[in-house]
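Lettering follows sequence order; numbering is per chain, from 1.
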Amino acid sequence: MVEHGDIRVVHRGGSKINFRKPVITNDSRFLLCASGESVKVFSTSTEECIHDLRGHTDLVTGVLIKPSNHLQAFSCSADGTVRLWDFTDGILIKTYVIGYPIFSIHASPHHEGVIFVVTPMQGDKRSGELFQLVAVHLPQSGDQLVEARELSAVLTGISSNPAATVFGRGGEYIASANGLQLEVYFFKKQKAYRFSLKEDNKKGGKNTFTCVACHPNDDCIATGHEDGKIRLWRNFNHKKEYTYSTLHWHHSAVSSLSFTPEGTNLLSGGIESVLVQWRYNQENQRDFLPRLGAAITHIAVSPDGALYCTSHSDNKITIIQSCVKVSAVIQGLVKGESVGTDLMIDPRSKSLVLNGKPGHLQFYSLQRDKLLYNLDIVQQEYIHESGLQQFEVVKAAFDASGNWLATVEERKQKGAELELNLKLWAFDEQTQSFVLNTTISAPHEAQITGMCFSHATDSQTTMLVSTSKDGHFKAWQLAAQSQTDADEGPSWSCDFVGAYHGLVPECCSFSADGSLLAVSFQEVVTVWSPASWELLTTLSQPPKAIRNLCFGRLSCSKYLLGTTDSNLLCCWNLLTCSLEWSTSMDVSLLLADPLSENMAAFCCQAGCTDLFVFKPSEPRPLFSQKAVCSGMVTRAVFAPREEMLESCEESSQWLNRSQLYFLTQYMDLMTFTTKTEEERLMASSKQLVIDDSVAMTPFYLLLGKHRQQQQGGDDPQSGVSAERTPLPQGSVAIKELLQTPAHVLPSTSFLCSMFVQSLLISVTDSREESKHAEEEMESEKEEEDSEEEIESSRTRPEQQAAVGGGEAAESAAPAMTKAQVRELRRVKKLDHSWLAGLLDS
Amino acid sequence: MASFKPTKIQVYPKLGEKVTQDTLYWKNYKAPVQIKEFGAVTHIDFSPVAPHNFAVTAFTRVCWHLFVHIYGPFSQEPVKTFTRFKDTAYSGRFRSDGQLLVAGCEDSVVRLFDVGGKVALRMFRGHTKAVHVTDFTSDRYQILTGSDDYTCRLWDIPNSTELNTYQEHTDYIRCGVTSKLNRDLFITGSYDHTLKLFDARVDRSVMTMDHGQPVESLLLYPSEGLLVSAGGRYVKVWDLLKGGQPLVSLKNHHKTVTSLCLSTNGQRLLSASLDRHVKVYNTTNYKVVHNFDYAASILSLALAPDDESIVVGMTNSILSIKHRKSPEESKEISGQQRRRPSYRVFVKGKNYVPKQDDYLVSKPVKQHLAKYDKQLKKFNVSKALDTALETWTRHRKPEITVAVIKELDRRGTLNNALAGRDEQGLSQLLNFLIGNLVDPRFAPVLVTAAEMILDIYHSVIGQSPVVDRQLLRLQELLEREIDYQQDLLEVLGMLDTMFASTGLECLCNLFFETSDTFPDMTFVSHRLHPARLLV
C-alpha cells in the first residue's frame, strides 16, 4: 500500500449490534453488546453509547457479566482471547489467552473460576463444522495478560450457535442442541444424556433444534424448532422416561427463547417479529407484543426481570418494559445484502441516506454515528415471512436544496407484472420530515435505471429526470397550482418523454447550472436542453456502453466525463463538442465532489480497488491510492464537512471541504481521514460519563439523603464530623425506614450493612469523639438486635486499634466518671441540633 | 411497537377532463329535454326579447318554442308552428324586437311571419334556388338573404321589394350575418371558401377573406371587431379591424363544424360539429375548456341569453334542450348528504385547560381501522375478503375490493382467502370478476385472482348451475375482450405505420380522432399519447 502522507482508510461507524445476544447489567442501567471488534455499552434509558470497549483484534463473539462480580464483564472473540472489562469505567482488566478462536462463552455462578467457551474441534479435518464446549480454569494472577492453558473438554460435537447451549438449574447440568439432537450433561454425575428427534414429523414439520433455554429453578428445558414449535422437556435425567410437551404459535423457526429470572414466563421470538410471552405451567395463556419491526434474533432479560431486550435482524435492539411497552430503541445502521439506492447526503441534515429496513430509507448521521430516523417509503404493512416478494426502495434522489426527495419502489413477483411506484416527497418545515406529495404508479414500463434532479438552485421549477429500460427517459416537473384545486397544492406531472433510436438509456446527469442534461444511450451520450427539449448534440466513444456520466463543477463545468465498459475514462469538452482526453482504466465508479472541481474514480484492478482523485482540467491526479480495499466499490459519496479543514499538504487538500465515504463489497462503510483530523477526534472523544442517578423512589430519598449526609460528614473542613452523626432513633432516615411499607424496602441484609456503616465512626475522628461514640454504642446495645451486636463487636477491635495508635490521652479516657459521660452526651446532643441548623443554613 | 399500517387504496386518476371552473359551469345543466322533430334541425334562433322564445327550423316547418325556465315542462310543446312551406324550411330568425320572423325555403321563396299570426305577411320572390340564409338588418326594415344561386340580396320589408343583389360568390351561400351596429354591413360565407363583407352603400364587397374550406357558419363578436367562421374542420377567427387578417385557426373537431355560438358574456365560444361534439373555447387563448357529447351529428346550436339553456339540433331530428340548474337545485345534492354530529360534539372538552392540581392521564390515540383492515390485522384472510366483498363496497367502491385482493396477493395468502367458499360465496366472487375483470385499472390484479379461482374450483365445475352459468359468462367476456384487444392492436399497428411516415401534426389529429371514435380506447391512449412521440 502506498502511504500517502497521512491519509488513511478507516472504518466509520455502522457496525453490527445484533450479532450476539445483548446483556443487561444487574442494575438494569447498561446494556452490553458485541459490535464488530469491540463491545459497546449503551445506556438503557437514554439509548446513548457510553463506552466502546476496544481491545479485541477480531470479531467479538460473546459478552457475559462475570457471575462473581456484577460490575465486570467477560468478552470472547475469534482472536482467541477472553477479556475481562470494568464496563462502568470502560477499563480492560485482564486478558486471558486461550489460543483458539472462540465462538461463544458461557458461565454459571455455581462454577467459580471456570468459564466455558465453544471452540472448533481440534484434530478434525471438518473442524469448520464441529465445535466443542471447553471448560477454562481461569488462573488467579495479578498480571494483565494471562495464559489460560488449563482446558478440559466438556461436550463435543455441539453447535457454534450460542443460543443452542445453556446452563440448567443451579448450574447442575448444561443442555446443548445440535441438529436433531439434544444433549444434557450432568456435572455431578459426569454423564451426558442424548435425546433425538426424527427429522420430519407426519405433518411435514421440521424438528431441527434452533435454540435452547433452561428454567432457572425447575428441571425443565425449552427448545425451539425450525417449524415454529417449542418443546418443554422434563424428566430428562433418565435415558428413557423423559417427556416433553409441545407449544406451537410461531409459523416459522423460533430463533430465540428465554425464561424470566423467576421462571414464571417463557419468552420466544422469531421471524414474525412478535415477542410471545408464555406463562410457565399455563401455556395456553400468552401475551403478545406484535410489530417490533423486524425478525427477532435474540431475547435477553434483565436479572431483575423488569426489562426485556430483543435484538432484531435490522441491526436494532429494542428495550421493553415488562412486556407491554417499548421504552427504548437502539438502532444501528441497517445494512442489507445490497444498497439499491446510491449513497446520498441529505442536503439539510447532512446525514447519509440509503435504503435501510425493507421499504424504508434511513437517515444516518455520520458525525454522531447514529441512525436519525427511518422514512417509511412503501407505507404498507410489512409481512414478516420468508419467501415473500415485498416492495423494495430501489432508487432515491434529493434535489439540491433538500426540499424534494424522489423515491422509486418496485416489486417483482414471479409471473406477474413489475410493480413500480415513483414517489415525490416534500420537506415539511413544521414536522421536519418528508411528506408524500405525489405518487406516480407505473411511471415507466420497465425498471428505472437512473434518476436525477436538476441541480440549479435559482431556477423556478424543479425538474426530475428518470431513465428506464423501456427505452424512454421522462422529465417530471412540479406543475403549477391550478385555480380549482388550490387546496391540494402543487403536484408533479410528466413534462417530456424522450427516446433515442430505441436504445436503452442508462445514466442521466444534469450540469451544475441545470442548463444541460446528458443521457447515455448505451455507447452514445445525448445532450439535451431542458428548457426546450432539443437534442443539442451527441457524443460517443464506441464500442462499449457508457457506465457513468458526470459533469464537471465550478471552473471545470465545461467538461463532461464518462466511463465506458471498455475501460475508458473519457472527458469531453462541451464547448467544442469534442473529446478532450481519455485514458484507459477500469473505472467502477466515478463521482464528483459537489463543493470542488475534484472527481473521484474508483478503479477495479486485480481484485482490489484503487482510488484516483483528479481535476478534469489537469492531466495529473491530485491523489491516488492503490488497494483501498478488496473487491469492487460501487457505492460512494462525498459528504460535506461541517467545518473546513486547513490542510496545506497537496495530497490531502481534496479532503478539506468534503469527506469521501464508500461501501465495500462486504458492506463496510469506510472513509478517508487525515492525521490532523484524527488528532482532533481523539481530543473530542473523551466523553463525559454522566452518572445518571438512581430513580427517585422513597427508598432513594431515604438512602440518597443519608449518603449526602455521609459525604457532608466526610468533608474534612467541617472538623466536627463525628458530632454530626445523627443518633439512630432520632434520625429522619430511621423514621422513614420504619414508616415505609416493608414490601418496598430492599432486603434486610442490604439495609443492615448500610445501617451499621452509618453507625461507624470514620478513622479520621479525633480520639475523644470516637470514645464517645464507642460509649454510645455500648449504651445502645440493648436496643439493637443480635445481628447488629455482632457487627458492632466486630468493629470494636478496629476502633481499639485506632485508639491504640493514639496519644497518651487514651489512658485518661477511662478515668472519666459516668456523670461526666452523661454531661458530654447532653452537650453533644445540643451541639448537634444547633450545628446542624447552622450547617443547613 | 409500530402501529398497523392500513391497506393502501389506490387512487385512480379520473378519466376524462379535469375539474375546472369551466367544467363546473358547463356541467351545471339539468338532464336534457329531448323533442322529436319532423326532420333534421337545421337552425335554432332565440328571440332577443323576454320570454326568449326560440325558433327551431326543421324540415318543412318552423316551430317556435316558448322558453321560460320556470315553466320548464311547458316548453316541451311548441308554442307556435309555421307550416306554410312547400319544401324544407331554412334559417328561421327573429327580428331584434322579437315581433317578426323570417325563414328561407328550398323553393327559393323567403317568407316573413308575424309571431302572433299564422299566415306569411310577406313573400319575397326573386331567388332561383333554395335560400339557406335569412337575417334582418339592424335597422329592422330590411332583410338579407343568401341563396344557392350564388347571390345574396337585400329586401325592403314595407315594400317587399328587392333592393340590391350581390353576385360575387361562386358557390352556394350557406351562412351570413348582419352587423348589429351598422345597418349597412353584412357578411356572407359561401362554399367557394370565401367570406365577403358587403356594404349596402356600395355595390360590391368591401372585404374578402379566404377560409380555405366551404364555410358553414359565421359569427360576429358583440364588438364586431372579430369575426368567427366555421368551415370544414376548422374554426377561424378574423380581425376585421385589421382588414380581415386571420387571427387564430382552430382545429379541434374531426368532422365539419356546422354551427357557432357565443356565450352571453362573450368569454366562451361554442362550436358544434358533425362529430357529435360541442366544444367550448376560451376566447382569450382559444383553448378548449369543455366538451359536450351528443348522440348524433349536430347541425345547429344556440345558447339562451345568460346561458340559461343550450339547445342543440341534430341530424336524427332530435332537439335537445338543456336547462341550467337553479341555485336551489344545485344545492340539493349537498343537502341530501347524511347529517353528521354537530360541531359541538367534537370540540366537547377539547378546550378544557387542566388546573394546577389536575393529574393529566395521557390516553393513546386509538387508531381507527376499516373493517377489512381489522381482519387483515388478525390475519383472517377469508374474512377480510368477505368484508371487502360486501354489496355496498363491491358496487360503489370496487377499488377497495381490488386493493384488498391485491394486499392479500402481496401477503401470499390470496389462495387461502379464495378457497373454501360455498356456492353463494363463489358466485358473489364471480359476479365481481365479471363486473370488473376487463376494467383496465383492475385487470392486472383480478386476472391473478381469476386464475386462482379456476385452479381452486376446477374440480367442482358442473355441480352448481349458478356457478357454471357465471363461468360461461366470464369466458364469453374474456373472448370478447381478447377480440377487442386484438382489434385495438391492429389499429395501433396501422397508426404506427402512419406515424412513421407522417409528422407530428397528423399524429395528433389521428390521436384525437381515434380517441373520439373509440371512447373506450382511452386506456390505450396512454401508450399512444402524442407527447411521447415528440422526438
Side-chain angles (χ1 to χ4, degrees), chain A residues 251 272-275 288-294 318 320 324-326 329 359 374 376 378-391 411 413 415-419 421 439-442 445 472-474 482-485 493-502 526 528 533-535, chain B residues 1-14 17-25 289 362 364 367 369 372-373 376-379 381 384 403-404 406-414 440-441 443-449 451-452 500 523 526-535:
Chain A
H251 67 67
E272 303 89 351
S273 86
V274 180
L275 182 68
F288 303 103
L289 190 64
R291 288 184 290 281
L292 288 171
T318 312
I320 299 155
V324 283
K325 207 179 91 204
V326 173
V329 175
N374 276 311
D376 188 359
V378 173
Q379 295 183 329
Q380 266 181 347
E381 182 75 6
Y382 187 80
I383 305 301
H384 298 279
E385 201 179 308
S386 52
L388 268 190
Q389 282 298 319
Q390 314 256 15
F391 269 110
R411 173 172 172 259
Q413 210 175 13
E417 276 183 45
L418 178 79
E419 288 178 65
N421 281 326
T439 307
I440 301 158
S441 51
E445 276 154 49
H472 296 290
F473 74 89
K474 291 190 182 181
S482 62
Q483 306 116 4
T484 45
D485 41 28
S493 54
C494 187
D495 182 47
F496 177 71
V497 184
Y500 184 79
H501 291 299
T526 54
W528 305 72
W533 290 118
E534 241 178 300
L535 178 60
Chain B
M1 191 174 84
S3 55
F4 181 83
K5 289 171 200 158
T7 311
K8 213 168 34 172
I9 308 296
Q10 177 106 40
V11 182
Y12 292 99
K14 284 199 188 85
E17 68 266 64
K18 281 195 190 116
V19 178
T20 58
Q21 216 62 47
D22 279 290
T23 38
L24 291 178
Y25 183 81
V289 293
S362 61
Q367 191 191 11
L369 288 178
Y372 50 87
D373 272 336
L376 280 176
K377 192 180 167 188
K378 291 182 197 155
F379 290 85
V381 287
V404 170
K406 194 177 176 186
E407 172 71 15
L408 290 170
D409 188 30
R410 187 180 72 86
R411 291 174 171 224
T413 47
L414 183 56
R441 300 176 296 169
V445 180
L446 292 183
V447 163
T448 340
E451 276 173 358
M452 280 184 183
F523 67 93
H526 75 269
R527 313 181 69 201
L528 213 151
H529 199 273
R532 300 187 45 176
L533 293 133
L534 265 169
V535 190

Which atoms of A/V378 are under 4.5 Å from chain B, going by heavy atoms: the side chain, the backbone, both sets, or neither? backbone

Looking just at side-chain N and O atoms, do B/R410 and A/Q380 make a donor-acceptor pair shorter than 3.5 Å? yes

Heavy-atom closest pair (A/A294 atom, A/S273 atom, distance to 0.1 Å) is O-CB, 3.0 Å

Return yes if a side-chain donor-acceptor contact under 3.5 Å exists between B/T7 and B/D373, otherwise no. yes

Counting heavy-atom pairs under 4.5 Å with chain B, the top scorer among A/T439, A/L535, A/D376 is A/D376

Does the side chain of A/F473 reach to within under 4.5 Å of the side chain of A/W528, using non-hydrogen atoms? yes

So which of A/Q379, A/R411, A/Q390, A/Q389 has the largest heavy-atom pair count under 4.5 angstrom toward chain B? A/R411

